[in-house]
Each structure stands twice: as structure tokens, then as C-alpha cells.
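Report on the following structure.
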Amino acid sequence: MEGFHHHHSSITSPFSYTFAITGTAATTSTFNTTPWMNSRIWSKLPQRLIDRILAFLPPPAFFRARSVCKRWYALLFSNSFLELYLQVSPRRHWFIFFNHKISKSYIYKNNNNGATGTASNHNNDGYLFDPYDMAWYRISFTLVPSGFSPASSSSGLLCWVSDEAGPKTILLCNPIIGSLTQLPPTPRPRLFPSIGLTVTPTCIDVTVAGDDMISPYAVKNLTSESFHIDGGGFYSIWGTTSSLPRLCSLESGRMVYAEGKFYCMNCSPFSVMAFDITSNAWFKIQAPMRRFLRSPSLLECKGKLLLIAAVEKSKLNVPKSLRVWTLQSCGTMWVESERMPQQLYVQFAELEGGNGFECVGHGEFIVIIIRGTDKALLFDISRKRWQWIPPCPYRRHHHHGFVDELHGFAYEPRLATPVTGLLDHLTLPFQNFNA
Amino acid sequence: MELLCIRQWISGLLPTVKKWLSAWCIKPVGGALVRQEPEYILLALMGSPLKKIMLCSSEKEIFSVEEQVMVQHSVIINNMIEDGSYNHEESKIPLDCVDSKTLKKVIDYCTHHTHHHNDNQEDLEAWDAQFLNVDSNGLYDLLMAANYLEIRNLLDLIYGTIKNMIKGKKIDEIRRIFNIKDHGFTPEEEEQNRKEYPHFY
């Protein structure tokens with residue numbers, strides 16, 4: 001099976017974590033409460049079945065298990081193990097967060113020899129969050145050169161886009177195994193386009209939309225360009241372009257994928273822009289209660305598109321709340337599906353103080369991050385459970401107490417992402433990135 | 001004899017029926033193979049729900065169980081019935097590597113999940129947790145049985161449990177459990193590992 005490239009002969013763990021964390025009860029308590037395992041029984045297990053247990057481990061635990069013996073260590077390089085892994089490894093709906101570089105001001109600072117230092121120290125650390133165990137890990141993206149920012153994520157790959165105005169270079173990175181694959185640059189020059197990525201085991205789709213630079217000083221949301229490559233031999237190297245509807249503003253810069261379409265939040269007034277990949281067409285969907293929304297975000301859950309937002313005022317004199325709507329199969333109607341319990345909302349609103357919040361969803365989980373603080377809520381849609389997330393122990397706090405904003409993505413760490421092998425067939429002039 | 005003819009007739013109809021089934025989005029329960037293939041759903045629906053099959057444990061004890069239940073969960077049993085090697089009137093399926101106690105539990109699992117697959121997530125999880133409240137021997141035997149019978153969802157459940165048991169353990173403890181006497185690392189490599197994961201030694 002092609003695609004299992006190994007860029008290093010030995011891979012040390014890409015994760016760093018400590019056990020001084022008090023909030024992560026599960027990781028510390030497993031030392032004391034896991035049952036004693038009788039070696040007379042378990043040593044009889046055939047190798048194949050042991051491999052299967054290892055394939056079930058989440059990546060941080062897998063990397064630790066590699067220290068047990070040489071055979072286990074080498075499994076990461078074994079094609080047969082990786083094939084087993086891809087078949088049996090359960091879906092993990094984790095998240096990754098980055099310190100938000102407020103892109104536009106970052107570029108200006110860069111040009112003016114930024115005084116604050118955010119321009120100079122190229123910190124590409126990601127904070128990996130496991131919502132099942134409420135545990136944080138840190139992953140470094142040292143492979144990604146400076147001048148790139150994270151834009152999207154799908155199936156274990158993270159997409160980074162070049163910051164510089166002009167044709168955009170896109171990189172797909174799997175930090176677990178240290179792989180970096182480059183896409184051909186987009187033809188049209190853009191400033192800060194919205195990027196949508198969806199990856200399956202056999203195909204890669206990327207769409208870049210908006211911020212067309214019609215002149216060095218004029219930016220307009222005019223077009224989108226799409227990239228497609230699949231194992232069946234079909235590809236479109238940015239050959240598919242489409243016009244955006246008039247007067248749209250893709251402010252959030254994020255696109256969410258659900259069932260064949262990319263969705264993006266459109267502001268003033270709030271609506272949802274949708275792009276059907278197969279028919280290469282954009283259309284608008286009205287947002288629910290659009291005049292009363294604050295901080296809306298789009299999420300995907302079980303193939304359906306969700307919209308989450310605070311509702312500020314209502315004609316029906318219903319108190320302020322935080323609600324989730326689901327887009328129905330017809331594609332135009334929304335039905336309210338969740339609401340934050342009122343008591344919790346009061347607490348939440350007090351902490352938030354009108355500064356706004358960002359939401360990111362993965363599978364059955366939604367993370368709500370309050371801007372300007374290190375407080376975040378986790379909502380489990382299937383169990384209807386709301387919990388405060390313990391603060392990330394790896395984030396630096398500035399001396400005057402201000403916290404960098406966190407910019408999050410749905411991310412599932414994977415030991416192998418063989419689909420990038422498809423891109424290796426595109427002959428590109430190799431650009432040498434010096435990390 | 002009639003049964004085999006009917007099955008062949010159905011196989012002929014399958015292409016059209018497959019389309020019909022996917023439109024209805026019928027959701028089967030159980031193993032991965034059954035999840036994907038409408039053919040198996042149809043075959044499962046085809047027999048009357050109360051049709052029984054006989055499973056024989058290694059201790060020669062015979063268990064009667066609804067055909068539909070086993071066909072939905074076990075790829076091995078499903079294949080046996082599908083290819084006609086199982087004759088309802090006469091034979092029983094011999095499972096020489098599964099003892100009575102374990103076979104009973106496996107049948108329990110499959111039956112519960114077939115009859116309760118519309119239950120909510122939390123209830124099913126609670127039942128599964130109670131189901132797996134067995135000692136090491138029991139868990140090992142269940143794993144072997146589920147592996148032999150290829151019952152995907154039971155396997156996932158068991159592997160999930162074992163993985164949780166391993167996840168927090170120290171390296172030396174894991175070596176003891178799996179009786180790994182020679183880890184194969186050079187002293188320098190072992191030192192490097194200890195530096196990287198001091199809490200796990």
C-alpha cells in the first residue's frame with residue numbers, strides 16, 4: 001500500500017504532557033484504579049491480537065507503549081500494522097487549539113518589524129484536547145515553516161495556508177508522524193481567504209474562497225477555487241472556479257464540511273453560505289433568528305450542519321440564551337435542537353461579559369471558548385452534559401494577565417494518513433522549506 | 001430444499017432490492033460486514049424471526065438461539081448460513097473453541113443488542129459495562145470467542161476495555177503482563193525512553 005512514507009528513521013513522541021495536572025482526573029486516577037492483569041492469561045494472547053489492542057490506543061498512549069519493547073516500537077513503521085490500525089482504530093473526536101494570530105494585524109506588524117515579539121518567535125505549538133478524558137497534550141509543528149497559519153483540519157491532517165498576500169500555498173501536515181505535503185499554489189492572488197478541507201481515505205477536496213485581490217490594494221469576495229484529487233484518478237488542480245454570491249462577507253474564514261458541502265458563516269446580516277462541491281455552486285441559506293444572533297458559529301455533527309449562537313433579544317420575551325439549531329434535510333429550514341440550561345447560561349454570560357465566544361465541534365462534542373479568558377465549556381450532545389474544561393497547562397500567560405485567544409479545530413490525531421500519497425504523484429517543483 | 005431455492009431467487013432479485021433497502025435506510029445491528037451489506041439484512045429478514053439455530057459448545061452442550069440474532073452479529077455464522085452449509089433440520093454449528101459458559105455470554109450479548117438496538121446510548125453502555133464485569137479469565141475467553149466468531153461490535157467493546165486497562169500502566173508492568181522478557185532495546189535506547197517518559201517507569 002503506497003503512501004506510508006516515513007520521513008524519519010526513528011520517531012520520538014510528538015507529544016509532551018505532564019502529570020502535575022489536577023484537572024485531568026482520568027489520567028492520574030488510571031494509575032491507581034486499573035485492574036490487575038494476570039500475566040498467565042494475557043501472555044497467551046497471540047501477537048496479532050496484541051497488535052489489535054495497540055491499534056486501539058489513542059496516539060499519546062500508543063507512543064508511550066512503544067517503549068515497552070522493540071517489536072512494539074517498530075509497529076509504527078509496519079505497513080501491516082498500519083493497515084490494521086486504519087481498519088480498527090475507533091473514531092476519536094478530539095480538538096486542537098492554536099494561539100490565535102490575529103492575521104491582519106500580524107502581517108502589518110511583520111512588515112513594521114513588530115515590537116511585540118509575536119512576529120519574531122514563530123510558535124507553532126498546538127494544544128491537543130481529549131474530551132473523553134479531559135486531558136491536554138502539546139504538539140509541536142516544527143515542520144511547518146514560518147509565514148503559515150492553520151486553516152482547517154480533516155481526517156488527521158491539518159491544513160496550513162501561507163500568510164502572504166498573493167497566490168496561496170497550502171500545506172497538509174500530520175504532526176504525529178511528521179509528514180508535510182504541499183499543494184500546488186492557487187492561481188488567483190488572495191489576501192485572507194476562507195479555506196475548506198475534507199479528506200477521506202481515497203480523496204482530498206480543498207476549496208479556497210473570497211478575498212480576491214483585484215489590485216494590490218483592493219480586495220473583494222468574488223470567486224472560489226477548488227482542488228480535488230482521488231484514488232480513482234480524477235483530479236482538478238484548482239481548475240474549478242465558481243463565483244460567490246454578491247455582497248457576501250466570509251468574515252470567519254472557516255468552512256465546515258457536511259455531506260458534500262462546505263458551509264461558511266456570512267455576516268451583516270447573518271446567513272450561511274453553502275458550497276456544493278460536486279455541482280461547484282454557491283448558495284445562501286437564511287440563518288434562524290438572524291437579527292437576534294450573537295457570535296454564531298457553524299459545526300458539523302453526525303453529518304448534519306449545526307449553528308450555535310447566543311440569542312440576544314426575542315420578540316417573545318424569552319430570556320437570553322445559547323442555542324443550537326440543526327439544518328434539516330430540506331437544506332433551508334432550521335430546528336432548535338439544544339439550549340444551554342438557563343442557570344449555566346447566567347454563569348456563562350457573566351464570564352463572557354459581551355466579549356464574544358468561539359465554538360468548534362467534533363462528533364458529539366462542542367467546545368465553547370470565551371474570548372479573552374482561558375475558560376471553555378464542553379457540551380456532549382449525545383449525553384446532554386455540560387462541563388467546564390480544565391485550563392490548558394501549556395499556554396503562556398502574558399505578564400499583565402491577558403491571554404492569547406485560542407483558535408480551535410476539530411482534529412483527530414492519526415498514526416497514518418496514507419491519502420497524502422495521492423499528492424506525491426503530482427510533480428511539483430520541490431520547495432525547500434527550512435523550518 | 002425449498003429454503004435453498006428461495007435464497008437463490010432472492011439473490012437474483014438483490015440488485016433491485018439493494019436499492020430499495022438503501023432508500024429505506026434500514027439500519028442493521030452488529031458486525032461491520034452486516035452494517036454495510038443490504039444482502040445480509042435481507043437474508044436476516046427473510047427467515048422468520050423465531051427461526052432457531054443450534055450452536056454446540058466445546059463441552060458438547062447445545063444452545064438454541066434465534067437465527068436472526070446470530071446472523072446479524074457473527075460474520076462466521078452468517079457466512080455458514082449464507083453459503084448453505086448449515087441445514088436447519090439436522091445440523092448444529094460446532095464451536096469447539098468456545099466453552100459453554102462463554103458461549104452463553106456471547107449469545108446473551110447478541111440477543112440483547114438485537115432486541116434493544118433502539119435503546120438510548122447510555123442504557124446500552126451501562127448494560128455493556130455490566131456485561132463485561134468479569135474476571136480476567138472470562139474476559140480472555142470472551143475475546144477469543146468474539147474473535148473466532150468475528151463479532152465486530154463485541155470485539156470493539158472488549159478491545160476498548162483492555163485498552164483502558166493498559167493505558168495508564170507503567171512500562172515494567174506491561175512487560176510483566178505480556179511476559180516480555182527481552183525488550184530488545186540497547187541500554188542507551190532504554191535510557192532515552194526513561195528520560196522521555198519518567199512517569200511510566
Quiz item: Could you state the interatomic distance from OG (Ser39(A)) to CZ (Arg175(B)), rounded to the nearest 0.5 Å?
Solution: 15.0 Å
Quiz item: Who wins among Arg176(B), Glu173(B), Met144(B), Arg194(B) for the most heavy-atom pairs under 4.5 Å with chain A?
Solution: Arg176(B)
Exercise. For Asp156(B) and Phe56(A), run side-chain contact (heavy atoms from CB on, under 4.5 Å): C-alpha distance rounded to whole Å, both residues' side-chain angles, the deciding distance at 0.1 Å, then the answer.
Key: CA-CA 9 Å; Asp156(B) 282 353; Phe56(A) 248 78; 3.6 Å; yes
Self-check item: Contact class of Ser382(A) relative to chain B, heavy atoms under 4.5 angstrom
Solution: neither
Quiz prompt | Derivation of the side-chain contact (heavy atoms from CB on, under 4.5 Å) call for Phe63(A) and Glu196(B) | solution = CA-CA 10 Å; Phe63(A) 272 85; Glu196(B) 197 160 1; over 6 Å; no
Quiz item: Of all of Leu155(B), Ile180(B), Ile177(B), Asn193(B), which one pairs up most often with chain A through heavy atoms under 4.5 Å apart?
Solution: Ile177(B)
Quiz item: Should Arg383(A) and Glu125(B) count as an ion pair when the cut-off is N to O under 4.0 Å?
Solution: yes
Quiz item: Taking atom CD1 of Ile53(A) and atom OH of Tyr159(B), what is their separation to the nearest 0.5 Å?
Solution: 6.0 Å
Exercise. Indicate the atoms forming the closest heavy-atom contact of Val68(A) with Ile171(B), along with that distance.
Key: CA-CG2, 3.8 Å
Practice problem: May I have the step-by-step check of salt bridge (charged side-chain N to carboxylate O under 4.0 Å, His left out) for Asp133(A) and Lys167(B), ending in yes or no? | Solution: CA-CA 12 Å; Asp133(A) 283 347; Lys167(B) 218 163 61 165; 2.8 Å; yes
Quiz prompt | Contact origin within Asn147(B) toward chain A - heavy atom pairs under 4.5 Å | solution = side chain
Quiz item: Under 6.0 Å from the CZ atom of Arg91(A), do we count more than 12 heavy atoms belonging to anything else shown?
Solution: yes
Practice problem: Give the minimum heavy-atom separation between Asn38(A) and Ser136(B), together with the two atoms involved. | Solution: N-OG, 4.1 Å
Quiz item: Closest approach of Lys163(B) and Leu57(A), non-hydrogen atoms and distance?
Solution: CG-CD2, 3.6 Å
Practice problem: Considering non-hydrogen atoms only, spot the tightest contact between Phe178(B) and Trp42(A) and give its length. | Solution: CD2-O, 3.6 Å
Exercise. Name the region of Gln87(A), side chain, backbone, both or neither, that has any atom closer than 4.5 Å to a heavy atom of chain B.
Key: backbone
Quiz prompt | Intermediate values then yes/no, side-chain contact (heavy atoms from CB on, under 4.5 Å), His183(B) and Arg71(A) | solution = CA-CA 8 Å; His183(B) 53 69; Arg71(A) 189 184 84 78; over 6 Å; no
Quiz prompt | Region of Leu143(B) in contact with chain A, defined by heavy-atom distances below 4.5 Å | solution = side chain
Quiz item: Which bit of Leu54(A) comes within less than 4.5 Å of chain B, counting heavy atoms only: side chain, backbone, both or neither?
Solution: neither
Quiz item: Could you go step by step and tell me if Glu189(B) and Lys70(A) meet the salt bridge (charged side-chain N to carboxylate O under 4.0 Å, His left out) rule?
Solution: CA-CA 10 Å; Glu189(B) 287 170 336; Lys70(A) 206 79 192 229; 3.0 Å; yes
Quiz item: Roughly how far, to the nearest 0.5 Å, is CD1 of Ile166(B) from CD1 of Ile50(A)?
Solution: 8.5 Å
